[in-house]
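Worth saying up front: this structure is predicted, and the values here are computed from it rather than measured. A note on names: the letters A, B, ... follow the listed sequences, proteins ahead of strands, and every chain is numbered from 1.
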4 protein chains.
Amino acid sequence: MASVAVLGAAGYAGAVAAALLHRHPELELRHVMARSDAGARLDEVHPRSRVPLVLEEPTTDLDVDAAVVAYPHGAAAPVVADLLERGIRVVDLSADFRLRSAASYAEWYGEHPAPELLDEAVYGLPEIHRDAIRDARLVANPGCYPTAAILALGPLAHGGLLEDVVIDAKSGVSGAGREPSASKHFVAVDETVTPYKVGGTHRHTPEIEQELGGDVRVTFTPHLVPIAHGELVSCYVTPRVQLDFAALYRDVYAPEPWVEVVPGPPGMQEVRETNFCRISVHGDPRTGRVIVFATIDNLYKGTSSQAVQNLNLMFGLDESLGLPA
Amino acid sequence: MASVAVLGAAGYAGAVAAALLHRHPELELRHVMARSDAGARLDEVHPRSRVPLVLEEPTTDLDVDAAVVAYPHGAAAPVVADLLERGIRVVDLSADFRLRSAASYAEWYGEHPAPELLDEAVYGLPEIHRDAIRDARLVANPGCYPTAAILALGPLAHGGLLEDVVIDAKSGVSGAGREPSASKHFVAVDETVTPYKVGGTHRHTPEIEQELGGDVRVTFTPHLVPIAHGELVSCYVTPRVQLDFAALYRDVYAPEPWVEVVPGPPGMQEVRETNFCRISVHGDPRTGRVIVFATIDNLYKGTSSQAVQNLNLMFGLDESLGLPA
Amino acid sequence: MASVAVLGAAGYAGAVAAALLHRHPELELRHVMARSDAGARLDEVHPRSRVPLVLEEPTTDLDVDAAVVAYPHGAAAPVVADLLERGIRVVDLSADFRLRSAASYAEWYGEHPAPELLDEAVYGLPEIHRDAIRDARLVANPGCYPTAAILALGPLAHGGLLEDVVIDAKSGVSGAGREPSASKHFVAVDETVTPYKVGGTHRHTPEIEQELGGDVRVTFTPHLVPIAHGELVSCYVTPRVQLDFAALYRDVYAPEPWVEVVPGPPGMQEVRETNFCRISVHGDPRTGRVIVFATIDNLYKGTSSQAVQNLNLMFGLDESLGLPA
Amino acid sequence: MASVAVLGAAGYAGAVAAALLHRHPELELRHVMARSDAGARLDEVHPRSRVPLVLEEPTTDLDVDAAVVAYPHGAAAPVVADLLERGIRVVDLSADFRLRSAASYAEWYGEHPAPELLDEAVYGLPEIHRDAIRDARLVANPGCYPTAAILALGPLAHGGLLEDVVIDAKSGVSGAGREPSASKHFVAVDETVTPYKVGGTHRHTPEIEQELGGDVRVTFTPHLVPIAHGELVSCYVTPRVQLDFAALYRDVYAPEPWVEVVPGPPGMQEVRETNFCRISVHGDPRTGRVIVFATIDNLYKGTSSQAVQNLNLMFGLDESLGLPA
């Protein structure tokens, strides 16, 4: 049975990854590590995880087959490089290896700490890169918004039908992390909806565009909503041709166990704490636009259960093993 | 002092209108009426209103100068016609007199019950039709979404700059009315965001297009959010020319007491239970789009305080008298 | 493998029971039935259940070993009687068989529809009546408030230490059922806490007192809080003697797989969508009172996962099989 | 017209006080001051306040008749002492002058920084100490929980009827202040109810007991609920005699403009952003207990509008002037 460590297990994403791995029938969670809270038991810091392991001081000197790295961008890359050198396969939850181009990374994040690894990193969206993920040493787990947006727009993009794309996204607060801040104070979030990173300035923008391919430029506007976790992207496209888009989506996603194409707009509750992505497609006959909604749980399919899905692929297991439904 | 009756005062909008009129320094609230709850005191049905008047059985045989009619569309028109015949000026909160064209009304709502009144009805958005409102016998109070959308896009529309318009709207649940239903059950709304009336099917669409003028066609998608009252419209436009849009908006709205143009995205809390509309304008240099946010309280500027603003104009009072700030 | 039907599967509790049974490794969910929504698939009515079975018109003419009856009190009893006659064992989620005394039932609910069954009905709280449940034909699944309150106060009651009991309970809205009503409208629940059934008038009162035993009389006050599901009881007791109450609780519940005694006050999130009950015990040295908190998910340990726990016992399975952790 | 400064205007309470004073017809808000955010306009930091004054660096060298001090306990006392020396009357929102006994203060907060002022400080609950407030140089504005609890229990206390008191309190998150922290993170508060400071350890306990008088000892347990502002206390008393308690409360509070005695349990929405306290009284005939609910907005009657009510009294104005209804 392959063994796994989670580095950065005290954050929301790391704790969910640890909880899923702890109950996984074919992967063994051997270590949980965190710079903060080291010495405490994970189920004290995150009771809902019910992982009774003690958080250890992080190290890369590990007796495991794989590691999930849940560090901020910039901090992740050197740790990832070190793990790979020691022969440990990595699923990296940060943004450090998602963009294929070091130049693009530099534009959005600053100089890349380990550009030599960009070539071999595989973008960890199984529905798009399943085969490459199986053999990858380094999987760059997608951002939560890109997961939903790429699944929502991929079938149009791959048909060359994408034009004039607006993505209006709504996310629960856990997407912004566990660190307390003024913008995450209950009183600031309650009873309001807050757009942020407006005008194409959110760092998930280049990631979405890269995976949609070609020269697509999207207007991506995230909004914070008074919800703990969950994410909805409302996508507006003026396609080059009209066809039965709903049928296209049903065809594309028929073989996918974790993408559900439904007739009516999907709701976040329907995917909460699961690995599902729910999608619906609608025409607007008055304007010719196509409207695509996709909803995921940002901490699950948007991050941590997707990481486990990737680990399943990397270790030749049933892709759906241990994923929450 | 002009006297006013509110018909339909047991609903959310009617109760807020009654509360504002009850405390108004220059208008006298003489009657509150409702088909349901007649015989109860309004402050028992809506304690927050603190209006100690008893809800009467509705009648149009009234000793008042003006009436606010808070009935559903279809039900409102005959009552409005009757009130006008008796010489009572009306602010109608329903959709019955918002569309200038009986044909358009028929397309979206069914045959019009009183088409002969359409010509004289004035669309009650003071920032656009202030002068006509002053002299109107019949003011059609705008819908909540159109109020926000027209204030958000008017400056572009009137400059001939509107093209390719997407309006992604988020509304609190009170916008759907007081009648219990499955979609308004707390458990259905909590922890989710729900798109509805997708694909250009929401009846506020023609109202928005009429006031933006010309041949503009918008894709308008409302979403229900877990909030009691408050509304945000996120508008995406590809303008024909680039200019300093923020400066344009500041200029257009400088004389307006109830429209605030702010640098950062506005929040619903900032306008909650006030007559304010807050707007911000942003460029997306990567795509050339302009993004405009507007937020209002759907029960105040979106409905009932705007009705009082209209009454102030109709009776020659200071437009801002008695409006909540 | 024992087969089960759920009657009343369109409600919140029935749907959760069906979802758990559908995924249960050693019980087969054979039928889901509902007076409303018959003909629809359960996963259309409750997408989160992911049960693809069609809701059938209810009947007791069933080829199953057991049934979960999720009907309102009064409506349940005749159906339960019918099922038992046909040799089908029953877990009844209603209040019809929880009170051992027909006189007490009459006082709180009206004349009992099937008093002859009261003697053999077993109160389905496994932590108290485990052995009797194993052999029962008819298990009366406890109410959600009593589940939390009895687990919170049982160790004191059984030690003869209970006196002067106040139970201040807070519940999410799903506890009030799926039927739309004014009190469950999002706008009525949001941003407030509402006491209801004040003054010892809530029907869970006699159920709590019966199981705490003897002549204990409790003041039980439920409050509705703006939460979908989850329940917290804050219990105040003036014990006859002082001792190490936390140690007592840890001892009593050490063998129990689904009761967790923790040092700090427990939170609803920690038990959401699980079968756990979390308890903490605190002294108030200034007044001599003992304060006990217990939290459960009202739809899980408070109703439906507890029903599955009871079925496990009834069919000789591992008590924890298929229960959500 | 008396002039006022608010020190600590960047916090929630200070900002509300400033907003109310800015719109007050007979008091002039001359300065707003804050250690943080100095140099910013108050309506940038708290847009909802709509106070266009610039936050100044705090000083006591002020040309005003009165000051509202919104500092933490310990930090407030020296500033208050300095202001008084300069002839400026003070309403202090901190706990520094609420307890009459320096020994009691030492027990709960540490050594008192200015014990010589305790004798002249008046506890600023107008319903209890109205006359003394009129002449006071220093008014100690009550805590939010004590405001609700004392108004709820005062009529029983003053009748010598209090015994065996449990106060189970529920508060919105703004009561914990604007400083970001883990316990105020949206994700920590959402969908849960959290007891805190259990076992008689909350510092509002001695304040409640002092004002209820005599040797009353209360068990006071605060709970955080997922609400921005609003507070409900559920009080349980076993009175020495039985009488018509509701009538008693109606009599006691008949002359009070800001206390409403209602038949059914009061809701937070009914008092949100107002100076009202709503109370209901209920018997529990099965146990002989009396249950009293009181609800206030913790930032209004619980803090800042009560401060304005006190200023009105101190300057001989109509007590209700400028208070939000």
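Interface check for chain B: of the options Glu231(A), Arg272(A), Met268(A), the most heavy-atom pairs under 4.5 Å are formed by Met268(A). With chain B as the partner, the residue from Pro195(A), Gly200(A), Gly172(A) showing the most heavy-atom pairs under 4.5 Å is Pro195(A). Contact count versus chain B (heavy atoms, under 4.5 Å) is highest, among Ile291(A), Thr238(A), Val166(A), Thr194(A), for Val166(A).
Only the backbone of Val187(B) comes within less than 4.5 Å of a heavy atom of chain A; no side-chain atom from C-beta onward does. Contact annotation for Arg289(A): only side-chain heavy atoms (C-beta onward) come within less than 4.5 Å of a heavy atom of chain B. In this structure, chain A has heavy atoms under 4.5 Å from both the backbone and the side chain of Thr219(B). When heavy atoms are compared at a cutoff of 4.5 Å, Thr205(B) approaches chain A solely by way of its side chain, counted from C-beta outward. With a 4.5 Å cut-off on non-hydrogen atoms, Val290(B) does not touch chain A at all. Looking at Val225(A), the atoms closer than 4.5 Å to chain B (heavy atoms on both sides) all sit in the side chain, from C-beta outward.
Ring centers of Phe293(A) and His282(A): under 6.0 Å apart, within the cut-off. Aromatic rings from His202(A) and Tyr145(A) are positioned such that their centres are separated by under 6.0 Å.
Salt-bridge formation is not detected for the pair Asp284(B)/Arg217(A): no Lys NZ or Arg NE/NH1/NH2 atom is positioned less than 4.0 Å from an Asp or Glu carboxylate oxygen. Look at Glu273(A) and Lys301(A) and you find no salt bridge, because none of the NZ, NE, NH1 or NH2 atoms lies under 4.0 Å from a carboxylate O.
Between the side chain of Glu211(A) and the backbone N or O of Gly154(A) there is no donor-acceptor pair closer than 3.5 Å. With Thr201(A) contributing its side chain and Val198(A) its backbone, the two residues share a donor-acceptor pair below 3.5 Å.
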